[in-house]
Amino acid sequence: AIRALPNAVFHGHLARRDWHALLDDARLVLGLGDPLLGPTALDAVARGCVYVDPTYPAPKLGVYASQHPYLREALGEPYVCAAVLDDPASYVACANRTLGRPPLDHGVVPADFTKREHRARVRAIFGL
């Protein structure tokens with residue numbers, strides 16, 4: 001269990017404000033493989049963290065090669081670093097690469113997740 005790792009801190013469920021404050025103090029967020037396409041990766045890069053995106057040995061659901069392939073394709077380095085899920089050394093390599101360079105000076109929101117793009121999709125769906 002994650003609570004048994006000596007260098008890991010289990011924060012439990014956090015309120016949005018506390019979650020954002022934690023991300024503001026972080027440099028990277030590790031993906032652990034699930035949930036697929038969850039919001040954590042988006043929150044991380046929006047707050048200026050690098051997201052470590054685990055890749056799977058075989059595609060999940062026959063489609064997903066990683067936990068957040070959209071984000072890796074839309075942003076890539078320096079915001080997303082790919083790591084092999086079952087290879088701890090690849091996670092360490094992402095961490096070393098991230099910590100070996102200056103912190104990101106700002107976060108980024110992929111274009112598809114901006115309010116403008118969301119409104120455009122709603123208008124298209126409803127013919128507005």
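Along the sequence shown, residues are numbered consecutively beginning with 1.
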J.: When clusters are formed by joining ILVMFWY residues with side-chain heavy atoms under 4.5 Å apart, either directly or through shared neighbours, do Tyr91 and Val9 land in the same one?
T.: no
J.: Hey, what do you get for OH (Tyr51) to CG (Leu42), rounding to the nearest 0.5 Å?
T.: 9.5 Å
J.: With side-chain hydrogen bond (donor to acceptor under 3.5 Å, both in side chains) as the rule and sequence neighbours excluded, what pairs involving residues 107-124 come up?
T.: Tyr70-Asp112
J.: Using distance only, find each side-chain donor-acceptor pair of residues 26-37 under 3.5 Å and give its atom names and separation, not counting sequence neighbours.
T.:
{"from": "Arg27", "atom 1": "NH2", "to": "Thr98", "atom 2": "O", "distance (Å)": "2.7"}
{"from": "Arg27", "atom 1": "NH2", "to": "Arg101", "atom 2": "O", "distance (Å)": "2.7"}
{"from": "Asp34", "atom 1": "OD1", "to": "Lys60", "atom 2": "NZ", "distance (Å)": "3.1"}
{"from": "Asp34", "atom 1": "OD2", "to": "Lys60", "atom 2": "NZ", "distance (Å)": "2.9"}

J.: Is there a chain of hydrophobic side chains (I, L, V, M, F, W, Y, each step under 4.5 Å between heavy atoms) that links Val84 to Tyr56?
T.: no
J.: Could you give the distance from CD (Glu73) to CG (Leu75), rounded to the nearest 0.5 Å?
T.: 11.0 Å
J.: Go through the structure and list residues passing salt bridge (Lys or Arg N to Asp or Glu O under 4.0 Å) with Asp87, not counting sequence neighbours.
T.: none
J.: With sequence neighbours excluded, what pairs up with Leu22 under the side-chain contact (heavy atoms from CB on, under 4.5 Å) test?
T.: His11, Leu14, Trp19
J.: Could you pull out the closest heavy-atom pair between Pro69 and Tyr64, with the gap in Å?
T.: CG-CD2, 3.9 Å
J.: Are the side chain of Asp53 and the backbone N or O of Val80 linked by a donor-acceptor pair below 3.5 Å?
T.: no
J.: Could you tell me which residues satisfy side-chain contact (heavy atoms from CB on, under 4.5 Å) with Ala82, sequence neighbours excluded, listed by chain and number?
T.: Thr55, Arg72
J.: Using the test side-chain contact (heavy atoms from CB on, under 4.5 Å), find all partners of Asp86 that sit at least two apart in sequence or belong to another chain.
T.: Pro57
J.: Establish whether Val50 and Leu99 are linked, either directly or via other cluster members, by ILVMFWY side-chain heavy-atom contacts under 4.5 Å.
T.: yes
